Each structure stands twice: as C-alpha cells, then as structure tokens.
Amino acid sequence: MNLKLRFFLPSARIIMLCFALLFISANCILPKNENETGTLKLSCVEVPRYMIFCNDTIDIRRYDRHERMDRELMAFSFMHSTSIQTIKRANRYFPVIIPILKEYGVPEDFKYLMAIESACNPLARSGAGAAGLWQFMPTTGKEFGLEVNSNIDERYHVIKSTHAACKYLKQAYYKFGDWTSVAASYNAGQGRISQQQDEQYTNETLDLFLVEETARYVYRILAVKMLFENPSKFGFNLKSSDLYPQVKYRTVEVREDITDIARFAKSQGTTYALIRNLNPWIRRNSLHCKNGRKYIIMIPDKDEMDYNPDFTIPYDKKWVID
C-alpha cells in the first residue's frame, strides 16, 4: 500500500467519527456547560456520598469506592450511543419485566442489572455465549427452567427469561441475605462470592478484592440507576418521541409442530421476519412441540405496526425533557 495512503486512511476514519459525534450531539445531547464564547466544556457527573440500592444505603465516601463509582459514571456519560439506546429500549421492556420482579418479591432496582447485562437488547449475545436480556449461559438457563437447543432458545424469551432470572436472584438471596451480594453473584457466580467472603473474612461484598469485571459490577448498576433517574445530568436530553414504544400484538397458542414458520407467518397475515423479531426464542424456520408442549407465539397487530412518535408514552417522565 502507498505510504501516503496508509497515513490518510486513519485520518479519514477520525474525521468520519468526529462528524458522527457532532450528529449525535446535535440530535440527542445538549452541552452540560458552555462558557461565554459558546465553547463546549465537558464536566463529570458528581459522585454521590451515598446511594440507595434495594432499600439499603451504600456508603460511597471512602476513596476506593468513590473512584470506582466515578469510573462508571464517566463511562455512561461518554458512551453516548449505548447509553441513549439503553434508555430508548427500556421504554419497551421495563413495563414487561418490572411486574415479574414484583411477582417474585425481587427489588425493582434489579431492572438496572438487566440494563447493564444486555443494554435492554433481547438479542444481545456475549462472546462467551451468554444470551438474551439477562445474559444466561446455556447451562444456567436450563438449570432455571429455560429450554435451550438448536430449535428453541428461551434465553431470548423476554418473559420466560425474566422468570428464570428472578428464580436465580431469589435463590441467591436465600444464600446471602443481602441484595448487593446477590447482584455481584449474578456476575461471578454464587460459589465464587461465597468463597471470597470466607477467604477474606468479610460478608461486605463491596470490600472484597475481586477480578476487575466483578469488582466493577455493582458500581455499574449504581451508575446506570443514576443515569435512568436523571439522564439530563449526563447530558442526554431525550424527547418522548425518541423512546421505543411497546409493540402491540396478539398471541397464538401452538401445540403441534410447525414445519414452515414462514408459511405460518403468511397465514397469520404477517411476515417471517416480524415473527422472528417478536419471538427471537424461535431459532429456526420450524417449531417442534416435543411431548405435546405448547408455545405462545406473538403476532404483531397489523393495524398498530406503524411507528407513531406522537403517541409514544414514556415509562418514566424523568427520562424526557418534554
């Protein structure tokens, strides 16, 4: 490759990135501070002295906790596209998962755990093979009642995976007796947290010396809670029309094999793509009902499919500026 061209290409990428950031700023983000000349001055979200998580007060005054929290607040402040899209998607999925959390007696703050696990994306899949809103690994998903195979993968089922997550969280609470340890165990595993508590002679999870990913985990939950409680503080000024509305649908109960879901979709007045979009737990163009097991398939409401931002209702009014 020509040497001049080799140096030119990275510069071009940088220029394109700058234009993209300007576009985001113009459409979704207002400056946090401006000086007299109108020049943007970036500022950091202030680290609180205390935070409430699952009705427990967490003291963040100590230097190590303060700096860990500061790191996560900066990440969510300047990770613009992911932070914004997480809030947009939450408007669709929080109304689905929160009633299930309440049904199991799991504190509502665990909706923020789901948000950091998947950015509220039901199709999320990690490099390690975790999948869905709650990022279950195949073995753990099966352990908590999800069907996981090449044809059906209920880790991608919004409702069923939330039930499975609640079962895990309640089991962990019976083991630890405090929700902060439960949250950390969702990342590291119950055995690892319990082992480290024994070896380090403390049940205070935030005082444990852990691998970096787990050490950051609870602080990330706290940071995203602050983000959702006041997006404008992070510089994100969204309108109601920016949020993703819930999709209206009807359901069809299936007890027999469907050999061709594309044909089934057409018979229901919709398309294969839309069936897969609303039912991502279906992994093939067929559905096998083993041992008479029934499945509930969501069919989009044909008359309510068009996007109408004028009627998008925010789940939480704090998310928007209008």
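Just so it is clear, the model here is predicted, and its values are computed rather than measured.
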>> For A124 versus Q135, what's the shortest heavy-atom pair and its separation?
In response: O-NE2, 3.1 Å
>> Check this for me, if you would: do K290 and D257 make a salt bridge, where the nitrogen-to-carboxylate-oxygen distance has to be below 4.0 angstrom?
In response: no
>> Side-chain heavy atoms nearer than 4.5 Å, only ILVMFWY residues, links allowed to pass through others: does that put V252 and V247 together?
In response: no
>> Let me confirm one number: the CG-CD1 distance from D242 to I87, rounded to the nearest 0.5 Å.
In response: 10.5 Å
> Does one side chain, of R61 or Y50, offer a donor that lies under 3.5 Å from an acceptor on the other?
Replying inline: yes
> At what distance, to the nearest 0.5 angstrom, does CG of D306 lie from CZ of F311?
Replying inline: 12.5 Å
>> Looking at R283 and P280, would you say the former's side chain and the latter's main chain have a donor-acceptor pair under 3.5 Å?
In response: yes
> Can you name the closest pair of heavy atoms from K111 and I98 and give their distance?
Replying inline: CD-CD1, 3.5 Å
>> For I221 versus I116, what's the shortest heavy-atom pair and its separation?
In response: CG1-CD1, 3.3 Å
> Honestly, is R68 close enough over Y63, meaning NZ or CZ under 6.0 Å from the six-membered ring centre and within 45° of the axis?
Replying inline: no
>> Can you tell me how the ring of W319 sits relative to the ring of F228, calling it parallel under 30°, perpendicular over 60° and tilted otherwise?
In response: perpendicular
>> Distance alone, cut at 3.5 Å: any donor-acceptor contact between the side chains of R276 and Y272?
In response: yes
>> With a sphere of 6.0 Å drawn around NZ of K170, does it hold more than 12 non-hydrogen atoms of other residues, nucleotides or ligands?
In response: yes
> Are F53 and F110 close enough that their ring centres sit under 6.0 Å apart?
Replying inline: yes
> How many angstroms lie between atom NZ of K88 and atom CG of L243, to the nearest 0.5 angstrom?
Replying inline: 8.0 Å
>> Is it the case that atom OH in Y201 sees more than 12 heavy atoms from other parts of the structure closer than 6.0 Å?
In response: no
>> Looking at T162 and V158, would you say the former's side chain and the latter's main chain have a donor-acceptor pair under 3.5 Å?
In response: yes
>> For the CE atom of M298 and the CG atom of L274, what is their distance to the nearest 0.5 Å?
In response: 14.0 Å
>> Please determine whether a side-chain nitrogen of the Lys or Arg among R250 and D301 lies less than 4.0 Å from a carboxylate oxygen of the Asp or Glu.
In response: no
>> Which residue is it: D310, V320, I321, N91? I am looking for the one with a side chain to side chain contact (heavy atoms under 4.5 Å, CB included) to S240.
In response: V320
> ring pair (Phe, Tyr, Trp, His ring centres under 6.0 Å) with Y244: which residues, sequence neighbours excluded?
Replying inline: none
>> One thing to verify: whether E147 and R293 come together as a salt bridge, which I'm taking to mean a side-chain N less than 4.0 angstrom from a carboxylate O.
In response: yes
> Hey, are S241 and T312 close enough side-chain-wise for a donor-acceptor pair under 3.5 Å?
Replying inline: no
> Which residue, D153, I152, I159, forms the side chain to side chain contact (heavy atoms under 4.5 Å, CB included) with W281?
Replying inline: I152
> Can you find a pair of side-chain heavy atoms, one from V254 and one from I258, that are under 4.5 Å apart?
Replying inline: yes
>> I need the minimum non-hydrogen distance between H157 and S161, along with the two atoms involved.
In response: O-OG, 2.7 Å
>> Treating R92 as the side-chain partner and P245 as the backbone partner, does any N or O pair qualify as donor plus acceptor under 3.5 Å?
In response: yes
> Looking at H163 versus Y104, is the centre-to-centre ring distance below 6.0 Å?
Replying inline: yes
> Minimum heavy-atom separation for C166 to L101, with atom names?
Replying inline: SG-CD2, 3.6 Å
>> Strictly below 4.0 Å, N to O, side chains only: are E253 and R255 in salt-bridge contact?
In response: yes
> E117 and Y217: side-chain donor and acceptor closer than 3.5 Å?
Replying inline: yes
>> Under a 3.5 Å threshold, yes or no: a donor from one side chain and an acceptor from the other, between Q196 and R192?
In response: no
>> I'd like to know whether the aromatic ring centres of Y168 and W134 sit less than 6.0 Å apart in this structure.
In response: no
> Have E204 and Q197 got a donor and an acceptor in their side chains that come within less than 3.5 Å?
Replying inline: no
>> Checking S118 against N121: is there a side-chain donor and acceptor pair closer than 3.5 Å?
In response: no
> Does R62 CZ have over 12 foreign heavy atoms under 6.0 Å away?
Replying inline: yes
>> Between R125 and Y156, is there a side-chain donor-acceptor contact under 3.5 Å, judged purely by atom types and distance?
In response: yes
> So F234 and F76, ring-ring contact (aromatic ring centres under 6.0 Å, His included) or not? Walk me through it.
Replying inline: CA-CA 8 Å; F234 288 74; F76 283 107; 7.5 Å; no
>> Do the side chains of K318 and E229 get close enough for a salt bridge, i.e. N-O under 4.0 angstrom?
In response: no
>> Working to the nearest 0.5 angstrom, can you tell me the gap between M79 CE and I84 CD1?
In response: 11.0 Å
>> Can you see whether D207 engages T202 through a side-chain donor-acceptor pair at a distance of less than 3.5 angstrom?
In response: no
> Of all heavy-atom pairs between L133 and P122, which one has the smallest distance, and what is that distance?
Replying inline: CD2-N, 3.5 Å
